[in-house]
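Order of the sequence lines sets the chain letters (A, B, ...), proteins ahead of strands, with each chain counted from 1.
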Amino acid sequence: MKLWSQFFIPTLKESPADAEIASHKLLVRAGLVRKLGGGLYTYMPLGLRVIHKLTQICREELDGAGGIELWMPHVHPVELWQQGPRWAAAREIMFRADSAGDGKRAPREPEFVLGPTHEEVITPLVKAEISSYRDLPKNFYQIATKFRNEIRPRFGLMRAREFIMMDAYSFDATDDGAVTSYHAMKAAYARFFKRVGAHAIAVEADTGVMGGSFSHEFMVPAEIGDDDVIYNEASGYAANREKATSGLVAPDLVDAAPSGPLEEFATPGVVTIAALAAAPYAVGADRQFKTLVFMGDGKPFLVILRGCDELEEAKLGALGFTLFRAATADEIEPVMGAKPGSLGAINGTIKNFGALAGIYADHAIRLIGNGTTGANKDGFHVNHVNVTRDLAVTRFGDFRRVRPGEPDPKSGQPLQVRRGIEVGHIFKLGTKYSEKFGAVFTDDKKESHLMVMGCYGIGISRTMQAVIEQSHDADGIIWPWNCAPFQVLICVIDPQLPEAMDLARKLALAAERAGADVLVDDRAERPGVKFKDADLIGLPLRITIGGKGLKEGIVELKWRTQKEVIKVALAEAERCVAAAVLEAAERART
RNA sequence: CGGGGUGUAGCUUAGUCUGGUAGAGCGCCUGGUUUGGGACCAGGAGGUCGUAGGUUCGAAUCCUAUCGCCCCGACCA
């Protein structure tokens, strides 16, 4: 039992000016966090209790799934990262952790960095400690602070520079084993989110800079989420935008025969899809081939899309470049022979074809069959361009951005889109890191193999905010039972009456014996203030003890989710409180 | 990093256009009256107006630079 007067819950009547969304405002107003700087937050006593609830449940589920907890340093020697596979891509978001220096010398390369995740630490550790198949599989995890110098911290804890994350790493002897580990984690994640009362759904995801072969994100649907989930309710298909595909191109599509000889025509000043679609040319955007130029690890490559489609840049990750970006106009002209707006990928028209690392075409251009594209000559386009005959495609792939309403690849039903908050992510990594760090083991035939890895993350602090975003009303937070900082608030209206406080202690004990954490509001505040604060901090069950009720011989029980007050006779109070607690705990379990 | 916005008391803010000694509400302190949904009265403390230059007799207000913060985009748990 905690007495409010001896705890610290600085609530606010007004929302801070820098908070935009409900959960961020409530985090601050309910006294759960305070801001230190952009993306940097102090977890106040009440907020820390929520974090502890979440980490404890997380720990139980991971232990249940065979996880082994450890703790790794957050300061990493930079050499580890330089040796790992993603230094070039990750260094931008990493904090350096050098000594502050004497303020005179110029900054050198960092000697230490702060860990954004721990693949570069765990893999060498496992390499050093495990060398036999007998010691595999293993799944190590920690729940700790992570550091990422986010380009744009946002929405309070939603995207912070310093945040709390559970990160786990599985090591298996075989690929099948790694898949088993992956699915065990996926199931543990589902149990975790269910227990804490977050309605998270698993969606197929892109592997991004982590690399690896497949991946799921756990998303909490919310308007303010950073990600789009593309889904179809009926078929169960769900993927994030980076990964989502559609069934737009039928598998049995027959490529169109050429419609005629190539025909160059003048298009002075036409440099956009829209301009070519307008009079006098009137070539519909869905009849145009759009040619984009990118730089991949220093070499240019082309991407061909329909004029009406958008590129989904993340999908270029599948091409295997370590780093890629859109090419600049200056880089484009020497290679293509024309400025952007007149580009095309027709055989023989590219000025310096040999410089290209590849020409990648989106499947959907096959729907065009015969269309129009740039001539690689400023102010000219070409008609009757046939996909098979004329375009120098290295390979086809899925590069376009899916639109809502397109057919679901599973069922053909229309796809829908909604926003979500990514609270967890699981990757089957494969051998990307074990190769780099030489994490090998010996099997029962004395042969050496690379360990097959998986990595897994849950944003603990982000989950706290996602729960609030998902569960609040105009008056405040509505905590789910299992992650509430306390489950029961005993609101003593007249704390100056000894019999009121005695009863509060008695009921607190009853609730605690039934398994609840109890907060007693013993402040000498007016009732209105206490009730407002009670709704704001949102504990699931409120018990009100007042002089008035005592005279009548009753106390009041009220669920945060419910409007009505349940009056209970004093003689029944202990039993009713205990029963209510047990019932709520049971409800939260199923 | 690109685009937009903003910085005045612990919090929310007015005043900035049109320069003239900084105002309110909440919170805080003292006293009193109140006491079942953010009370009322009286008194009080608290601001070098983000910072640094400049213009001016005079700058929160105009100019320049710089920093912080917020929103949109690329990135992520």
So what does [X] hit on the nucleic acid, given a heavy-atom distance under 4.0 Å: a base, only sugar-phosphate, or nothing?
{"X": "A:A160", "answer": "base"}
{"X": "A:P16", "answer": "sugar-phosphate"}
{"X": "A:T463", "answer": "nothing"}

Gap between atoms [atom1] and [atom2], on [X] and [N] respectively (whole Å):
{"X": "A:K35", "N": "B:C69", "atom1": "NZ", "atom2": "P", "result": "7 Å"}
{"X": "A:E20", "N": "B:C69", "atom1": "CD", "atom2": "P", "result": "16 Å"}
{"X": "A:M165", "N": "B:A77", "atom1": "CE", "atom2": "P", "result": "7 Å"}
{"X": "A:F324", "N": "B:A74", "atom1": "CZ", "atom2": "P", "result": "13 Å"}
{"X": "A:R161", "N": "B:C75", "atom1": "CZ", "atom2": "P", "result": "18 Å"}
{"X": "A:D226", "N": "B:A77", "atom1": "CG", "atom2": "P", "result": "12 Å"}
{"X": "A:R419", "N": "B:C72", "atom1": "CZ", "atom2": "C1'", "result": "11 Å"}
{"X": "A:M464", "N": "B:A77", "atom1": "CE", "atom2": "C1'", "result": "14 Å"}

Counting primed atoms, P, OP1 and OP2 as sugar-phosphate and everything else as base, the B/S/- map of nucleotides 36-46 of chain B against protein heavy atoms under 4.0 Å is BBBB-------
Of all the nucleotides listed (B:C76, B:A77, B:C11), which has the minimum atom distance to the side chain of A:E14?
B:C11
Which nucleotide in B:A77, B:C72, B:C76 has an atom nearest any side-chain atom of A:F427
B:A77
Should the side chain of A:R159 and the base of B:C75 be counted as holding a donor-acceptor pair, with the cut-off at 3.5 Å?
yes
With rounding to the closest Å, how many angstrom separate the [atom1] atoms on [N] and [M]?
{"N": "B:A14", "M": "B:G50", "atom1": "P", "result": "13 Å"}
{"N": "B:U61", "M": "B:A9", "atom1": "P", "result": "15 Å"}
{"N": "B:G23", "M": "B:G46", "atom1": "P", "result": "14 Å"}
{"N": "B:U66", "M": "B:C1", "atom1": "P", "result": "12 Å"}
{"N": "B:U56", "M": "B:G4", "atom1": "C1'", "result": "32 Å"}
{"N": "B:G27", "M": "B:A45", "atom1": "C1'", "result": "13 Å"}
{"N": "B:G38", "M": "B:C75", "atom1": "C1'", "result": "41 Å"}
{"N": "B:A59", "M": "B:G53", "atom1": "C1'", "result": "13 Å"}

Would you please name every residue forming a side chain to side chain donor-acceptor pair (under 3.5 Å) with [X], sequence neighbours left out?
{"X": "A:D297", "result": "none"}
{"X": "A:K315", "result": "A:D398"}
{"X": "A:R505", "result": "none"}
{"X": "A:D473", "result": "A:R560"}

What about [X] and [Y], are their ring centers closer than 6.0 Å?
{"X": "A:Y141", "Y": "A:Y456", "value": "no"}
{"X": "A:Y433", "Y": "A:Y169", "value": "no"}
{"X": "A:F95", "Y": "A:F112", "value": "no"}

Under the salt bridge (charged side-chain N to carboxylate O under 4.0 Å, His left out) rule, collect the residues that match up with [X], sequence neighbours excluded.
{"X": "A:E310", "answer": "none"}
{"X": "A:R59", "answer": "A:E69"}
{"X": "A:D227", "answer": "none"}
{"X": "A:E60", "answer": "A:R195"}

RNA chain B: stems of at least 3 consecutive Watson-Crick or G-U pairs, cut-off 3.5 Å?
B:1-7 with B:67-73, B:10-13 with B:23-26, B:28-33 with B:39-44, B:50-54 with B:62-66
Kindly state each residue pair satisfying salt bridge (Lys or Arg N to Asp or Glu O under 4.0 Å) with at least one member in residues 146-162 of chain A, sequence neighbours excluded.
A:K146-A:D167, A:R154-A:D226, A:R159-A:D226
Of A:S461 and A:H24, the one whose closest nucleotide on RNA chain B sits nearer the 5' end is A:H24
First encountered from the 5' end of RNA chain B, between A:R154 and A:G424
A:R154
Within residues 144-153 of chain A: residues closer than 4.0 Å to RNA chain B (heavy atoms):
A:R148, A:E150, A:I151, A:R152
Do A:F321 and A:F301 pass the ring pair (Phe, Tyr, Trp, His ring centres under 6.0 Å) test, and can you show the C-alpha distance, the side-chain angles, and the key distance before you say yes or no?
CA-CA 11 Å; A:F321 297 104; A:F301 67 92; 4.6 Å; yes
